Number of protein chains: 2
Amino acid sequence: MNLTTKLITAAEKLFDRHGYMATGMDRLTEAAGMSSRTLYKHAGSKAQLMALVLSERDRRFMARLEVESVDALFAALEDWVRVEGTRGCLFLRSLAETGGETPEIAQAVTAHKEAFRQRVSDVVASDLGREDPARAEQILILFEGATQAAIYRGADAVSAARSAAAILMGRARS
Amino acid sequence: MNLTTKLITAAEKLFDRHGYMATGMDRLTEAAGMSSRTLYKHAGSKAQLMALVLSERDRRFMARLEVESVDALFAALEDWVRVEGTRGCLFLRSLAETGGETPEIAQAVTAHKEAFRQRVSDVVASDLGREDPARAEQILILFEGATQAAIYRGADAVSAARSAAAILMGRARS
DNA sequence: GAAAATGTAAAACGTTCGTTTTATATTGGG
DNA sequence: CCCAATATAAAACGAACGTTTTACATTTTC
């Protein structure tokens, strides 16, 4: 495990658990086990570090969504929250914390959300055997809602979303 | 308009637009048009100010949800995002920004979300003429999802959630 | 019209912020 | 074996953080 990977892993955990702005560079350097000089050589700045974290998280999250049915999509989310916990969407959280005014972060969020939207759309199309943009938008909303509601309703929120999605997909098939 | 109201109004706007942690006390005092001494006499601390903001927002938000049908619930959300914009749920955002480690804030969020859950449950019951906890959970998730998705999908996310809710409620009636 | 309450401006508290610098140690490749 | 390259520790940068204090002005109230 190289230093950059170690840094990004430590940073993701701290940003996720305590927030982006609330996490100081001293905590970052300590958790990553490196000097601030080395940290800045690898990341450039705090905002760029956040962007690196988001990029890595996008890779890891999207890899889990390589499925072909809407039901498998929510099963994947159930796995995700079991492993990663229920602290909401790190992308939208980082956007909110910076007021959308940090270019590197805003850009990483936009890229991820567009890829995510496209993935949901593809999964719906694969499931139905045809495109259905309106239904895909509804499934996306259930997915986001499950992520958000799970913060205070727990993992049950995901299974509730899963069954709602099954009803909507059933309606699309008939 | 008394000073406390003026302070809370200014603080809500700044916290919402730029984030809680990213908003310094100097910006707060300037926007509220008062000295820091007066601000601290009214709010006590920054965390208590955030709790006051959340309490006021709860009052304003819940007042809009005094409806009797699920469709009216989403119509109310459409009005809300038209007036307040699409920056997500300030309650869950404040919780995330503080890592859930600030008691005043965590408590305000818990209280609001429980009241919100109860309201959704009541609206579903009023709409169906009977309790339906599972359906209420699904509607809650659509509501949260619309709020969250609207950040990057715009206000259309709310109407998509609205039509999904209509399908789920139709299913519950038959 | 004195007293109490409530406001102001401004400086200072010690701490932490993100970032850079200086100087030194370790280490892998030609 | 030496030389880049790459790491380290530690101090320092000015600025901003949340908060408190000092000193003074204004308004409200009995």
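Only a predicted model underlies this, so the values are computations on that prediction, with no experimental measurement involved. Proteins come first, then strands; the chains are lettered A, B, ... in the order of their sequence lines, and each starts at number 1.
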Cation-pi check for B:Phe15 against B:Lys46: NZ or CZ below 6.0 Å from the six-membered ring centre and within 45 degrees of the axis, yes or no?
no
Strictly distance-based, threshold 3.5 Å: is any side-chain N or O of A:Asp58 a donor or acceptor partner for the main-chain N or O of A:His112?
no
Let me know the distance between NZ of B:Lys46 and C1' of D:dT19, rounded to the nearest Å.
12 Å
Heavy-atom neighbours of A:Glu131 CD exceed 12 at 6.0 Å:
no
Side chains of A:Thr29 and A:Asp26: do they bring a donor and an acceptor to under 3.5 Å?
no
Rounding to an integer number of Å, can you tell me how far B:Leu28 CG sits from D:dT19 P?
11 Å
I want to know whether A:Phe91 and A:Phe116 have ring centres closer than 6.0 Å.
no
Indicate for each nucleotide in nucleotides 4-12 of chain C, in 5' to 3' sequence, whether protein heavy atoms under 4.0 Å reach the base (B), only the sugar-phosphate (S), or nothing (-).
---SBBB--
Nucleic acid contacts - residues 6-24 of chain A versus DNA chain C, non-hydrogen atoms under 4.0 Å:
A:Thr23, A:Gly24
B:Met25 has an atom CE; how far is it from atom P of D:dC17, in whole Å?
10 Å
A:Leu49 atom CG is separated from C:dT19 atom C1', nearest whole Å, by 14 Å
Check A:Glu56 with A:Arg59, please: is the shortest side-chain N to carboxylate O separation under 4.0 Å?
yes
For A:Asp26 and C:dT19, give me the distance from atom CG to atom P, rounded to whole Å.
13 Å
Please tabulate, for side-chain N and O atoms in residues 73-84 of chain A, each donor-acceptor pair with protein atoms closer than 3.5 Å (sequence neighbours left out).
| from | atom 1 | to | atom 2 | distance (Å) |
| --- | --- | --- | --- | --- |
| A:Glu78 | OE1 | A:Arg162 | NH1 | 3.1 |
| A:Glu78 | OE2 | A:Arg162 | NH1 | 3.4 |
| A:Asp79 | OD1 | A:Arg82 | NH1 | 3.1 |
| A:Glu84 | OE1 | A:Arg60 | NH1 | 3.4 |
| A:Glu84 | OE2 | A:Arg60 | NH1 | 2.4 |

Please determine whether a side-chain nitrogen of the Lys or Arg among A:Glu144 and A:Lys113 lies less than 4.0 Å from a carboxylate oxygen of the Asp or Glu.
yes
